[in-house]
Asks: 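Got a structure here, written out as structure tokens. Questions coming.
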Amino acid sequence: MTLRSDVSDLWDRYQEGLTAADATSEDADVLESFLSALEAGEVRAAEKTGDDVTTWEANEWVKRGILLNFGLRETEPREHGGVTYYDVLPLRDTADLGERGTRNTPDGTVIRRGAYLGGDCIMMSPSFVNMGAHVGDGTLVDSCDTVGSCAQLGENVKLGANTLIGGVLEPVEDAPVVIEDGVSLGAGCRVTSGFRVGENSIVGENTLLTPRIPVYDLVEEEILYGHLPADRRAFTRMVESSVGDHELFEGGAYKPAVVATHVEEETLEATRREDALRE
């Protein structure tokens with residue numbers, strides 16, 4: 001039996017009514033093995049199936065395994081840093097991080113079980129990485145950042161302070177938020193609802209990226225939804241709303257949009273200077 005088949009079998013039994021109270025020690029072993037595989041980077045909630053950022057697809061069985069770890073566990077008191085909290089999962093053991101050159105500053109960096117952190121990552125406090133998230137080598141998670149459930153962050157990603165990477169568990173068919181290699185997100189960005197950001201793109205501060213907001217790609221002169229292509233500089237602009245001439249709105253009504261252009265050399269230089277702070 002493989003881990004995938006074990007999880008699939010457990011999911012079928014769960015769908016038929018298996019509860020946390022009924023789960024056996026063998027069932028618990030499957031859940032633990034699954035979490036260990038996530039933390040080792042051996043399985044991921046989504047995978048890229050082609051060359052383009054639009055080709056990311058959810059691994060349904062992995063997302064089911066994550067849901068099982070909520071459905072087949074009891075909430076119980078746990079201890080961390082002298083504080084009692086109540087959850088279905090303990091926090092992740094971080095003893096392996098130092099061996100890989102990854103660091104997390106004290107008093108507020110929280111990594112939940114089932115999260116993967118690669119080598120040479122930095123987590124500044126306070127920040128939070130949720131179950132099923134994958135954080136690639138060399139990635140910076142800055143202060144007040146949240147990396148949601150199943151979110152996929154590539155290598156050498158920079159999350160500016162107070163950035164939210166949304167999570168997604170259900171439906172299991174939905175791909176999570178994806179931030180590809182080399183992306184830099186400015187402070188205060190929000191990336192939600194399975195939006196995908198192509199590699200080496202640079203996103204201005206306080207930009208909201210979600211499938212409901214159009215991306216005006218000036219490079220290819222097209223309007224996109226749900227993703228930002230690779231090698232773009234993106235920022236928020238206000239465009240005229242469909243109710244722009246409504247009598248209730250003096251001067252017209254506007255709605256947010258994202259404008260994407262070529263990455264300028266000055267922007268790249270500014271990003272490279274930030275790298276010096278992490279060496």
Side-chain angles (χ1 to χ4, degrees), residues 45-50 52-60 63 66-67 128-134 141 144-154 157-180 183-246 248-249 251-263:
E47 293 181 351
K48 194 174 185 179
T49 59
D52 189 77
V53 70
T54 61
T55 64
W56 282 85
E57 295 181 3
N59 276 330
E60 294 184 23
K63 293 183 70 178
I66 293 171
L67 290 170
F128 176 70
V129 179
N130 207 348
M131 184 183 185
H134 184 103
V141 180
C144 301
D145 289 350
T146 295
V147 181
S149 53
C150 297
Q152 303 293 297
L153 274 60
V157 170
K158 300 183 184 71
L159 302 185
N162 197 31
T163 291
L164 169 67
I165 306 299
V168 61
L169 284 177
E170 297 184 278
V172 292
E173 298 86 0
D174 277 9
V177 170
V178 173
I179 312 294
E180 292 194 330
V183 168
S184 179
L185 299 180
C189 285
R190 301 288 186 269
V191 189
T192 67
S193 304
F195 195 95
R196 293 156 289 179
V197 181
E199 61 184 14
N200 301 318
S201 288
I202 299 173
V203 181
E205 62 186 19
N206 296 318
T207 300
L208 173 59
L209 298 175
T210 182
R212 294 175 296 281
I213 292 179
V215 175
Y216 290 82
D217 184 16
L218 304 186
V219 177
E220 297 295 335
E221 298 186 348
E222 57 184 348
I223 300 175
L224 308 172
Y225 287 89
H227 73 279
L228 176 68
D231 303 303
R232 297 294 195 271
R233 180 173 68 91
F235 46 89
T236 298
R237 286 292 183 268
M238 304 302 291
V239 299
E240 187 173 351
S241 169
S242 59
V243 294
D245 57 353
H246 198 288
L248 291 179
F249 300 98
Y254 293 84
K255 61 183 180 181
V258 174
V259 176
T261 67
H262 292 286
V263 177

Asks: Got a donor-acceptor contact below 3.5 angstrom from the Thr49 side chain to the Thr55 backbone?
Replies: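 Checking the backbone N and O of Thr55 against the side chain of Thr49, a donor-acceptor pair under 3.5 Å is found.
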
Asks: What is the distance from atom CG of Leu224 to atom CD1 of Ile213, rounded to the nearest 0.5 Å?
Replies: 14.0 Å

Asks: Testing the basics here: between Ala133 and Gly148, what is the closest heavy-atom pair and its distance to 0.1 Å?
Replies: CB-O, 3.6 Å

Asks: Identify the heavy atoms of Pro211 and Tyr225 that sit nearest to each other, and give their distance.
Replies: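 Between these two residues, the closest heavy atoms are O-CD2, 3.2 Å.
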
Asks: Taking C-beta and beyond as the side chain, do Val191 and Val203 meet within less than 4.5 Å on heavy atoms?
Replies: no

Asks: Mark yes or no for whether Glu180, through its side chain, and Glu199, through its backbone, hold a donor-acceptor pair below 3.5 Å.
Replies: yes

Asks: Do you know which of Asn200, Asp217, Thr261 makes side-chain hydrogen bond (donor to acceptor under 3.5 Å, both in side chains) with Arg232?
Replies: Asp217

Asks: State the CG-CZ distance between Asn206 and Arg190, to the nearest 0.5 angstrom.
Replies: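 The CZ atom of Arg190 is 7.5 Å from CG of Asn206, to the nearest 0.5 Å.
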
Asks: Is there side-chain contact between Ser201 and Arg233, with heavy atoms separated by less than 4.5 Å?
Replies: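 No; the side chains remain at least 4.5 Å from each other.
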
Asks: To the closest 0.5 Å, what do you measure between CD1 (Ile66) and SG (Cys150)?
Replies: 3.5 Å

Asks: Nearest 0.5 Å, please: how far is CD in Gln152 from NZ in Lys48?
Replies: 12.5 Å

Asks: Let me see the working for Val215 and His227 under side-chain contact (heavy atoms from CB on, under 4.5 Å), right down to the final yes or no.
Replies: CA-CA 8 Å; Val215 175; His227 73 279; over 6 Å; no

Asks: Enter the distance from Thr192:OG1 to Leu208:CG here, rounded to the nearest 0.5 Å.
Replies: 5.5 Å

Asks: For Glu221, is the CD atom crowded, meaning more than 12 foreign heavy atoms sit under 6.0 Å from it?
Replies: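 It does not: Glu221 CD has 12 such atoms or fewer within range.
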
Asks: Any heavy-atom pair between the side chains of Val258 and Phe195 that's under 4.5 Å?
Replies: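 Side chain of Phe195 against side chain of Val258, heavy atoms only: no contact under 4.5 Å found.
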
Asks: Can you name the nearest heavy-atom pair linking Leu169 to Ser149, along with the distance?
Replies: CG-OG, 3.8 Å

Asks: Measuring from Ile223:CD1 to Leu218:CG, what's the distance to the nearest 0.5 Å?
Replies: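 Rounded to the nearest 0.5 Å, the CD1-CG separation comes out at 10.0 Å.
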
Asks: What I'd like to find out is whether the side chain of Ser193 reaches to under 4.5 Å of the side chain of Arg212, using heavy atoms alone.
Replies: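 Heavy-atom side-chain distance check passes, below 4.5 Å.
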
Asks: Flag the pair Glu60 / Glu173 as yes when at least one side-chain heavy-atom distance between them is below 4.5 Å, and no otherwise.
Replies: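 The answer is yes; the side chains approach within 4.5 Å.
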
Asks: State, to 0.1 Å, how close Ala260 and Leu228 come at their nearest heavy-atom pair, and which atoms those are.
Replies: CB-CD1, 3.7 Å

Asks: Would you say Asn130's side chain and Val147's backbone share a donor-acceptor pair under 3.5 angstrom?
Replies: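 It does not hold such a pair.
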
Asks: Looking at Lys63 and Pro171, would you say the former's side chain and the latter's main chain have a donor-acceptor pair under 3.5 Å?
Replies: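 A pair under 3.5 Å: yes.
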
Asks: Please walk me through it: do Asp231 and Val219 pass side-chain contact (heavy atoms from CB on, under 4.5 Å)?
Replies: CA-CA 10 Å; Asp231 303 303; Val219 177; over 6 Å; no

Asks: Please report the closest heavy-atom contact between Gly198 and Val183, naming both atoms and the distance.
Replies: O-CG2, 3.2 Å

Asks: From the options Ile165, Leu209, Thr163, select the one residue that forms a side chain to side chain contact (heavy atoms under 4.5 Å, CB included) with Ile179.
Replies: Ile165

Asks: What heavy-atom pair brings Ala151 and Gly166 nearest, and what distance separates the two atoms?
Replies: CB-O, 4.0 Å

